[in-house]
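Have a look at this one.
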Amino acid sequence: MFMAQKSSLVSIAHLSKSDLTYLLEMGKEFEKHPNRKILDGRIVATLFFEPSTRTRLSFETAANRLGAKVIGFSDPKVSSSTKGETLKDTIMMVANYSDAIVMRHHLEGAALRASEVSPVPIVNAGDGSHQHPSQTLLDLYSIQQTQGSLENLNIFLVGDLKYGRTVHSLIMAMRHFNPTFHFIAPKSLEMPAEYKYFCQKYGIRFTETEEFNEDIISKADILYMTRVQKERFTDLMEYERVKDTYILQRRMLCKAKDNMKILHPLPRVNEISQDIDDNPHAYYFQQAKNGLYMREAILCHVQGITLNDIKSDKTI
Ligand code: CP
């Protein structure tokens, strides 16, 4: 079973239902015992050509908790890419020094390109507006933990559905679990046609609306809020026009189902009012914490370590 491109994790679309459930099982083992020296002696490189707080730090924490050492950069200005070095050459060099490369890049397809030239596994930590597979795995983990199952859920995606790579990856992963999606976005940030086509191809039900109110929220199992991605706009006037379209207020939760959880990949700007943070429906901080467990699972998996290896590990 499992994965394309020399065990790299480039796209969530490459993972079958059994791959996903297997990785989620691994994540559960790491939630029980995050500290294991199962990657002792290995080196993980983190190459972040774009800013990050959660993804980089949780991957680095995961590597450290697994006993690996970490090298890399969080700012491409300190790398030789500023001197004109190509992505291929950077990857070839870093692969000389490491056992796995976690990379975030502004260009769609950068992770795939890196995986084609790299002799060590590549983990896509976000490529432009395209994919964010490790985020999706932690989103699945969070959904499963809060709903008890991934099957047959009503999932509402709200905000920047055009540029938000996390929602694109989530749709692809959820195709295995019979979801109904509801896309809520301003017209200029609507879900791109290719993802609607994907839904049609895989028989995923979806609706689209620009409305966002308590009656709509009352039908949700998962309310997945997203930030409007200022950095991807070429027209900042358009960003100013749409940036405050959807702000989730506490009063809008008055009809929410008991099981409904609010997810957000974070960072948040103002799309969730801060007075929701202590509401039982808010799950986004725990969601980010779950990222540690799933990224431990991902690092082990791309190194060829199995669930059985983890269960029988004696380094706890
Ligand atoms: N969710 C996420 O990717 O956050 P960062 O940009 O902080 O890594």
Side-chain angles (χ1 to χ4, degrees), residues 9-12 23 27 44-65 70 72-77 100-111 114 122-143 145-146 155 157-174 189 222-233 239 243 246 248 261-272 274 277 282-299:
L9 176 57
V10 168
S11 167
I12 204 76
L23 281 168
V44 174
T46 56
L47 309 186
F48 277 69
F49 293 86
E50 272 196 333
S52 167
T53 296
R54 277 146 294 276
T55 309
R56 183 175 66 83
L57 293 178
S58 60
F59 265 118
E60 294 186 357
T61 304
N64 280 303
R65 289 197 182 280
V70 177
F73 54 78
S74 55
D75 179 353
K77 290 203 226 38
I101 298 173
V102 178
M103 185 180 80
R104 170 170 291 185
H105 203 283
H106 50 277
L107 289 179
E108 295 188 15
I122 299 290
V123 178
N124 182 3
D127 60 332
S129 303
H130 183 222
Q131 286 249 337
H132 196 345
S134 69
Q135 176 71 44
T136 302
L137 285 163
L138 76 90
D139 291 345
L140 295 185
Y141 190 86
S142 301
I143 294 169
Q145 291 296 90
T146 60
I155 300 178
L157 307 178
V158 183
D160 185 347
L161 307 187
K162 178 179 180 183
Y163 296 117
R165 56 195 171 199
T166 66
V167 293
H168 302 159
S169 294
L170 186 61
I171 289 171
M172 290 189 157
M174 287 300 297
L189 295 179
I222 294 293
L223 184 60
Y224 195 103
M225 300 296 297
T226 65
R227 173 180 69 93
V228 177
Q229 306 222 337
K230 183 178 181 182
E231 66 275 24
R232 313 232 182 260
F233 280 71
Y239 170 73
K243 71 181 168 65
Y246 302 118
L248 182 62
K261 292 295 177 198
I262 304 161
L263 303 188
H264 191 309
L266 304 178
R268 156 177 64 179
V269 181
N270 65 347
E271 55 279 355
I272 301 175
Q274 300 216 6
D277 292 354
Y283 193 75
Y284 30 92
F285 293 131
Q286 179 63 44
Q287 177 190 3
K289 187 173 182 184
N290 294 341
L292 170 64
Y293 314 131
M294 285 315 302
R295 287 174 174 133
E296 289 192 86
I298 291 165
L299 289 179

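Quick caveat: nothing in here was measured; it's all calculated off a predicted structure. Counting starts at 1 for both ligands and their atoms, following the listed order.
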Exercise. Should the pair Arg232-Glu108 be classified as a salt bridge under the 4.0 Å nitrogen-to-oxygen rule?
Worked result: no
For this session: Not counting sequence neighbours, which residues clear side chain to side chain contact (heavy atoms under 4.5 Å, CB included) with Arg65? List them please.
Result: Pro34, Asn35, Thr61, Leu292, Glu296
For this session: May I ask you to decide if the ring planes of His264 and Tyr284 are parallel, tilted or perpendicular, using 30° and 60° as cut-offs?
Result: perpendicular
Exercise. For the atom pair CG (Asp160) and CZ (Phe233), what is the distance rounded to the nearest 0.5 Å?
Worked result: 5.5 Å
For this session: Return yes if a side-chain donor-acceptor contact under 3.5 Å exists between Arg165 and Ser129, otherwise no.
Result: no
For this session: State the OG1-CG distance between Thr226 and Leu170, to the nearest 0.5 angstrom.
Result: 11.5 Å
Seminar exercise, completed: Ordered by chain then number, the protein residues lying under 4.0 Å from ligand 1 by heavy atom are Ser52, Thr53, Arg54, Thr55, Arg104, His132, Gln135, Pro265, Leu266
